[in-house]
Amino acid sequence: MAITSSHQPVRWPFNLPNKLLFTTVIAALCVALPILVVISFVITGASDAWSHLFDTLLGRYALNSLMLSVLVAIGVVMLGVPTAWIISFYRFKGRGILSWLLLLPMAYPAYILAYTYTGVLDFSGPVLTFLRDVGAPHWLMSPLLNIRSLPGAALMLSLVLYPYVYLLARAAFMEQSANLMEAAYTLGQGRWRVLTRIVIPMARPAIAAGILLAVMETLADFGTVQFFGVQTFTTGIVRTYYGFGDLVGAAQLSTLLLGCVFFLVVFEKASRSKVRYYSDRLRKLNQTSVVLTGWRQTTAQILCVLPVCFGFLLPTGILSFWAFFFAELQSMWSLIVSSFFLAGFASVFIVMVALVICYANRLYPAQWLNHTTTFVGLGYALPGVVVAIGVLIPFGAVDRFISGVLAPFGIAPSLWLSGTLVALVFAYLVRFLAVATGNLTSGLSRIRPSIDQSGRLLGLNQFGVISKLHVPLIRGSVFTAVLVCFVDILKELPATLILRPFDFNTLAVKAYELAGDERLIDASVPSILIVLVGLVPVVWLNRSVTQE
Amino acid sequence: MDTAALMIRNLNLSYQDGLIVDDVTLGLKPQELGCLLGPSGCGKSTLLRAIAGFQELDSGEIWLDNELLSTERRRIPPEDRGVGMVFQDIALFPHLTVGDNIAFGLTGWSDTSQRKRIAELLDLIGLIGLGRRYPHELSGGQQQRVALARAMAPKPKLLLLDEPFSGLDTELRGRLASEVRTILKSDGICSLLVTHDQREAFDFADRIAVMHEGHICQFDTPFNLYHEPTDPFVAHFVGAGEMIDATIEGPRSVSSPLGVLTNDEDLEFPINSDVQIFLRPDDLIHDDDSTYQATLVGKHFRGAHHLYEVKLDNGVILGCLAPSHHNHAIGEMIGVSLDIEHLVVFPK
C-alpha cells in the first residue's frame, strides 16, 4: 500500500469546503435527533401508563413546575436587580470585590446547595440544636426544618441562578448613556422618576432575558427537586422511565416540558433582540456614580454581601469543613480520574465539532447555514433529562438492531451503544455544542474579513490564513470554550445519571447517590470538587466582561 | 493604452440581488495614482475586490502588467497576483508587532533584506523606531500608515486602497491623503484609491473615475472633473452648482436668464436648441455695480468669503460667492454678474 501511494501526487486528503458543510449538517441532525424522537412519540399514541399519568400526576407536575418557576423568577429579580443597581450606580468600600463575588454562586449546581443546606438544617444539626438550646420560637424553626419543600427548592435555585439577572442587568445599566439620564434631569425629573421611567424600562429587556434563562434552568433542574421531593416534569420523566419502565410515557412528558422550554426560548430571543438597541458609544453611566458614606454605605454593603454569603461563602465553608474533617476520601481518586477524563475528552470533542461549524459559517455565509447554526444553539435549552430520553430511544433501537444481526452468529445481545460512553458523549454534544460555538463565534468574529484578505494578498493561501493568523488569534477563545464545556459536563447530573454505563460514576452522580442515601457529609467531597472547578470559568468570565 | 499597468475591459460584476458593476472599462498608467470616486453603493468597492481577486467576474477581463488576472472562468488567487491592499478597518494583525506586520508578506526574503526593507518603510512612513510596538499602541493615523507600509513591503505591482482614511477624523484625513500620495509617488507604485470623499480624491489622485450606479461617468483629472464635467451626475457630485435653462444663440453664445453668455470655444449644439448650463457658486459673483439684481434668500459665512443663495426672477436659486466684508441682509436685492470663461452645457 505504501509503495503505490507514494507514486500518487500529493494532495490534500479531502475537499475542505464539502467536509465543513457535511459536518455542520451532521451536527445539526445530531441536535435535532433527540428533539424529533421525543416529539414523534406524541403522534404514536398513548402508552398504558399515560392515561394513569394524565389522570393523577400530570396536573401536579405542571402545577409544581409552574409554581417553582414563578417563585424562582421572583427570587432572582429580588436578588439580582438591586445588587446590579447598587454596583452600577454607587461607589462604596468593597464595591470592586463585591461586583465579582456576586457572580460566584454561578459555580454551584443547585442540587449541591440543596444537599449542603439540608445537612446544616438537619433536626439534629448544629443550627437547630443551637436554636432549641436558646429557646427560639417555633415559627422561626419550622421553615428551617422544612427546607425540603417547594419554596425551599425555589430558594436554592434562586441563590445560584440570580447571577444571570445580575450580570445582564448590570451590563444593561452600565451600557446606558449618562446623557440620557442627564437629559431627564434637565427636563425636571427627580431621581426616583429617572429610575422608574428611564433606567429600569431601558434595562427591562435585559432583566427579562436573565429571568427567562433562570426559569429555563429551573425547568431543567432535576437534582434539587428530586432531593427535596418536589414532583415536577423532570422528576416525573425519570420516575416514569425508571419506576414504570415506560419510555413512551417519559418521551411524552418530555414533549410537554420541551413545549414550555420552546416558548421560553422564543421569548428570550425576542427580549435579547431588544437589548442590542441600548448599547452605544456615548458616555457611560457608571462614570457618574454617587459615592456612598455612613449608613448608606453599610446598607449597600449588606445588600450585596447577603446573596454572596448564602449562595457561596457559607455553603463553601460548610462543605470544606465536612470534606476536611469528616468525609472519607478513599474512593474519591478513581472518581476524580474518571470524571475528569470523561469531561476532558467530551469537551475537546465538542469544541472540535464546534470549530468545524464556525468555520463553515465563516467561509460560507449562506442563510441556510446560519439557520442551521442557530438551530444547533437550541441544544443548550434542552433539559438534560429530555436529551437523555431522546438519546436513549434511538440508541436502544440501534442496539436491538445490532443484536438481531449478530444473533445468528451466537453473539449475545448487549447494549452496544446506549450502555456505553458513546451515548453519554453524544448527549453532551447535543446539550453543550451551543456553549462551544458561542465562545468560538465571538472569538472568530473579532477577526474581521479584512484580516483574512490582507493575509491572502500578502501571499498566504487559505490554510496559511488559518495556521498563521487564526490559530494564534483564537487560541484564547478555544481554551475558554473547552473550559466552559468541561465545567458544564462536570456539573451535568440527569443526563449522566440516565445514560452512564453500568458501574461508571462521576462526581455529580456520586454526590447525588450519597445525598440520596442521606450521607450528606460524604457527599461534600465530590460536591466541593465540582464547585472549585466550576469557579474557574466564573472568574474567567468576569475577567473578560470587565476587560470589555 | 498599450503602456497601461492595470487594464480592466468590459467588466460586469453582480451579487445575488443584481448587477453591481456594469460594463466598466478602465486603465491606469504605470506609476499613476488613480481613484474611484462615487456615492456609497455605486459599485466601487466591489470593483476593487474584483481586482484583488476576492470577487467572481460575470464577464470581462482584468489585466495587470500584461498578465491576465481574471476572466469569468479563471481567477488567479489573491496571494499570487502581486496586488497589495490597504483596508478601511486597517486590519493590522493584532498579535504581531509593527515590524512583523510589515515583514509578513516578505516570504522568501533573507533576514537582512527583510530588516532593510522594514527600516526603509518605517523611514518612509515617518515611524522610525516604532517597529517593536504592537498595533494597539499606535494612534489611528499611525496604524493606517503601518497598514500602508505592510501592503507596500513586497513591492506589489498595484496597490489598492479601500476607503483607508474614512475611520479617521476629518482633519487627519486630508493630511494623510496628501502624505500617502507623496509616499506612493516617491516609491513609484501604481495605485487605485476608493473613496466617497471628493476632497480626499483631489488630494490623492492624478486621475479620478467618478462612478454612479455601476458605471464610470467620467475618468479625468481633478481639474477637468470640476471645470469640464461631461455628465450631469459628475457636475453635481463633484463640487456644488445648479442647472439653469438657456437657449443657443450663436456658435459661441447662449442666452440665459442672466443675459447672453459667451464661451471660449465653439459649442456643439444647433442654434436655437434648448439646453441647460451648469453654474458653480464661483461662476456667479456678487457685484454691487451689476445691472442684474437678485433676491438674497440665504447666506453662509465662510470666513474668507460669503456663500450667498440668490433667487432669480424665474424662481431659480443659485449659489454666489461674495467677498467676506460684503455683508447684506436676507431679503435684500443685490447685484450679481457672471464671471465665466468656459460654459458647461448639457442637452435639455
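So you know, we letter chains A, B, ... as the sequences are listed, proteins then strands, and number each from 1.
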Undergrad: Measure B/L92 against the heavy atoms of chain A and call it side chain, backbone, both or neither at under 4.5 Å.
TA: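 Contact with chain A is through the backbone of B/L92 alone.
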Undergrad: May I ask you to test the A/D452-B/F54 pair for a side-chain heavy-atom distance under 4.5 Å?
TA: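 With C-beta onward as the side chain, the pair stays apart.
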Undergrad: If you count every heavy atom of other residues, nucleotides or ligands that lies below 6.0 Å from B/K157 atom NZ, does the total exceed 12?
TA: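 More than 12 within 6.0 Å, yes.
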Undergrad: What is the minimum heavy-atom distance between B/A91 and A/R448, and which atoms define it?
TA: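 Smallest heavy-atom distance, with atoms named: CA-NH2, 4.0 Å.
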Undergrad: Just checking heavy atoms, which of residues 112-128 of chain B are less than 4.5 Å from chain A?
TA: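 The stretch does not come within 4.5 Å of chain A.
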Undergrad: Enumerate the ring pair (Phe, Tyr, Trp, His ring centres under 6.0 Å) contacts for residues 88-127 of chain B, please, sequence neighbours excluded, ordered by first and then second residue.
TA: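 Non-adjacent pairs meeting ring pair (Phe, Tyr, Trp, His ring centres under 6.0 Å): B/F93-B/F104.
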Undergrad: Quick check: closest heavy atoms across B/R150 and A/S454, and the distance to 0.1 Å?
TA: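 What the structure gives for the nearest pair is NH2-OG, 2.9 Å.
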Undergrad: Flag yes if more than 12 heavy atoms outside B/L19 fall under 6.0 Å of its CG atom; otherwise flag no.
TA: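 Yes - once you tally the heavy atoms of other residues, nucleotides and ligands closer than 6.0 Å, there are more than 12.
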Undergrad: Which residues pass the side chain to side chain contact (heavy atoms under 4.5 Å, CB included) test with B/R181, sequence neighbours left out?
TA: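 Partners of B/R181 under the side chain to side chain contact (heavy atoms under 4.5 Å, CB included) test: B/L33, B/K185, B/F204, B/D206.
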Undergrad: Is B/R49 in contact with chain A via its backbone, its side chain, both, or neither, using a 4.5 Å heavy-atom distance?
TA: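 Interface part for B/R49: side chain.
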Undergrad: Which residues in residues 472-483 of chain A have a heavy atom less than 4.5 Å from any heavy atom of chain B?
TA: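 So far as heavy atoms go, A/P472, A/L473 are the residues that approach chain B to under 4.5 Å.
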Undergrad: Between B/G82, B/P94, B/P77, which has the largest tally of heavy atom pairs under 4.5 Å with chain A?
TA: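 Max contact count across the listed options: B/P94.
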Undergrad: Look up atom NZ in A/K468 and atom OG1 in B/T107, then write down how far apart they are to the nearest 0.5 Å.
TA: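 Answer for the NZ-OG1 pair, A/K468 versus B/T107, is 7.0 Å.
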Undergrad: Does CD in B/E137 sit with more than 12 non-hydrogen atoms of other residues, nucleotides or ligands closer than 6.0 Å?
TA: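 Atom CD in B/E137 is packed in, count exceeds 12.
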Undergrad: Of all heavy-atom pairs between A/L457 and B/A52, which one has the smallest distance, and what is that distance?
TA: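 Residues A/L457 and B/A52, closest heavy atoms: CD2-O, 3.8 Å.
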Undergrad: Shorter than 4.5 Å, heavy atoms on both sides: which option in B/D89, B/D80, B/V83 has the most such pairs with chain A?
TA: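 Maximum pair count with chain A is reached by B/D89.
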